[in-house]
Amino acid sequence: MNDAAVQLRVSIVIPAYNEESVIRQCLIAAIYQSVPAHEIIVVDNLSKDRTAEIVRQMQLEYPESPIILLSQDREQGLIPTRNFGLDSATGDILGRIDADSIVEPDWVEQVQKAFADPSVQAATGPVVYYDMPMRRFGLKADDKMRQLMLKLAKHQYHFLFGSNMALRATAWETIRPETCRDEKDEMHEDIDLSLHLADHELPVRYWPQMVSGMSARRLEDSPRDYRYYVTRFDRTYKAHNVKKMALKAPMVVFFSVYFPAKLLRAIHTVNTAQPVRRGGQ
């Protein structure tokens, strides 16, 4: 890695609402990096569980790690919480993951490599679903799907993925005043960011080595709720007056995988919950 890349300070921003079951594993992955993060910011958004308490406990357990706990208690919602975290970050590169993300041990290092090219203004990578079977196969499939989406969009649009993304602090400053508030909670906030970057011709790079783990808990949604989640793509495009038919490809993919993936997850959950048998018992 060249000196310019090494000197880039990478902040990790994690919006959190009632995430006591996953926030610890998320932070441990962010702490144990081949290149340390400049700061690891958890933004608690009016959680009613032990999320903030667990973060404070980890600050005591890992005093050498730059864990910062912020509270966004003015309003409920991912977008104001995300914005609060990105606005508060002091790194050159602002990483953004979810509270159920488990970044790979070289994630910060790979983010630095992705931004070593000064023309790159944002970057995203594939995810591996850690609570699904055949994880490595799933990672390859996710990578192929994202590469396909890029080709279908003819590289005009390149979408960030909220569970695994980063952007330059200067790019965030540019698009910050224009990002949609989405008070009705109808859109994909990461697609919204991507479209605003495209409006300013700020290049997004897909970096396959920038890998994050995430939960497939979305599959626990009812078919109706899952459908609403997927059609957020359409509502985001309409809000931005984007009519490119090829951009509907992700919706088709997400709809087609729901039932088979849901079945796989159910089988995996049952299998992993089985007690280990010993001897002939």
Side-chain angles (χ1 to χ4, degrees), residues 11-33 37 39-89 94-104 107 127-132 135 161-166 181-190 192-193 212-226 228-230 232 261-262 265-266 268-270 272-273:
S11 300
I12 301 178
V13 174
I14 309 164
Y17 170 65
N18 289 348
E19 299 286 7
E20 65 178 9
S21 64
V22 292
I23 192 64
R24 184 178 178 85
Q25 64 186 20
C26 175
L27 284 176
I28 287 174
I31 290 167
Y32 287 106
Q33 289 288 305
E39 58 195 353
I40 303 167
I41 301 173
V42 179
V43 188
D44 181 53
N45 180 214
L46 298 166
S47 293
K48 297 174 178 64
D49 65 359
R50 296 178 58 247
T51 298
E53 182 185 333
I54 291 169
V55 176
R56 282 192 286 268
Q57 182 182 334
M58 292 194 69
Q59 286 175 316
L60 296 175
E61 286 181 37
Y62 298 91
E64 74 288 353
S65 296
I67 302 171
I68 299 168
L69 175 63
L70 301 178
S71 177
Q72 193 287 102
D73 53 11
R74 293 183 62 185
E75 56 185 312
Q76 192 82 66
L78 173 59
I79 289 177
T81 305
R82 175 204 71 189
N83 290 359
F84 190 86
L86 294 176
D87 289 345
S88 304
L94 312 182
R96 145 86 163 93
I97 59 175
D98 288 328
D100 66 349
S101 299
I102 301 179
V103 293
E104 291 287 294
W107 191 82
V127 296
V128 54
Y129 293 94
Y130 54 73
D131 49 6
M132 288 284 284
R135 285 188 284 270
F161 189 47
S163 298
N164 184 16
M165 58 162 276
R181 296 281 298 166
D182 190 25
E183 282 94 347
K184 295 182 180 177
D185 191 24
E186 295 180 329
M187 297 192 286
H188 277 312
E189 51 89 21
D190 45 6
D192 175 65
L193 288 182
S212 175
M214 70 173 288
S215 172
R217 58 184 178 175
R218 176 69 61 187
L219 293 171
E220 294 170 7
D221 287 355
S222 68
R224 181 180 178 180
D225 288 345
Y226 186 81
Y228 187 83
Y229 168 76
V230 174
R232 283 175 180 267
K262 194 177 181 77
R265 179 168 162 78
H268 178 69
T269 302
V270 169
T272 53

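Only this structure's heavy atoms are used, side chains among them; waters, hydrogens and symmetry mates stay out.
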Any residue meeting side-chain hydrogen bond (donor to acceptor under 3.5 Å, both in side chains) with Asp49, in chain and number order, not counting sequence neighbours: Thr51

Out of curiosity, Ile97 CD1 to Met214 CE, how far, rounded to the nearest 0.5 Å?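 Ile97 atom CD1 to Met214 atom CE measures 11.5 Å (nearest 0.5 Å).
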
CD1 of Ile68 to CD1 of Ile12: how many Å apart, nearest 0.5 Å? 11.5 Å

Test: side-chain hydrogen bond (donor to acceptor under 3.5 Å, both in side chains). Region: residues 63-72. Which pairs qualify, not counting sequence neighbours? Gln72-Thr81

[X] vs [Y] side-chain heavy atoms within contact, under 4.5 Å:
| X | Y | answer |
| --- | --- | --- |
| Arg82 | Val13 | no |
| Val103 | Gln33 | yes |
| Leu27 | Val42 | yes |
| Leu70 | Ile41 | yes |
| Asp44 | Glu19 | no |
| Ile14 | Cys26 | yes |
| Tyr62 | Ile28 | yes |
| Gln57 | Leu60 | no |

Quick one: does any side-chain atom of Gln76 pair with a main-chain N or O of Asn45 as donor and acceptor, under 3.5 Å? yes

Salt bridge or not between Glu61 and Arg24? Use side-chain N to carboxylate O under 4.0 Å. yes

Test: Glu20 and Lys48 ion pair at under 4.0 Å: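 No, this pair does not count.
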
Take Ser101 and Asp98 through the test side-chain hydrogen bond (donor to acceptor under 3.5 Å, both in side chains) and record every step on the way to the result. CA-CA 5 Å; Ser101 299; Asp98 288 328; 4.7 Å; no

What's the shortest heavy-atom distance between [X] and [Y], and which atoms?
| X | Y | answer |
| --- | --- | --- |
| Glu75 | Leu46 | C-CD1, 4.1 Å |
| Asp190 | Gly162 | OD2-N, 2.8 Å |
| Ala16 | Ala99 | CB-CB, 4.4 Å |
| Gly85 | Val43 | CA-CG2, 3.6 Å |

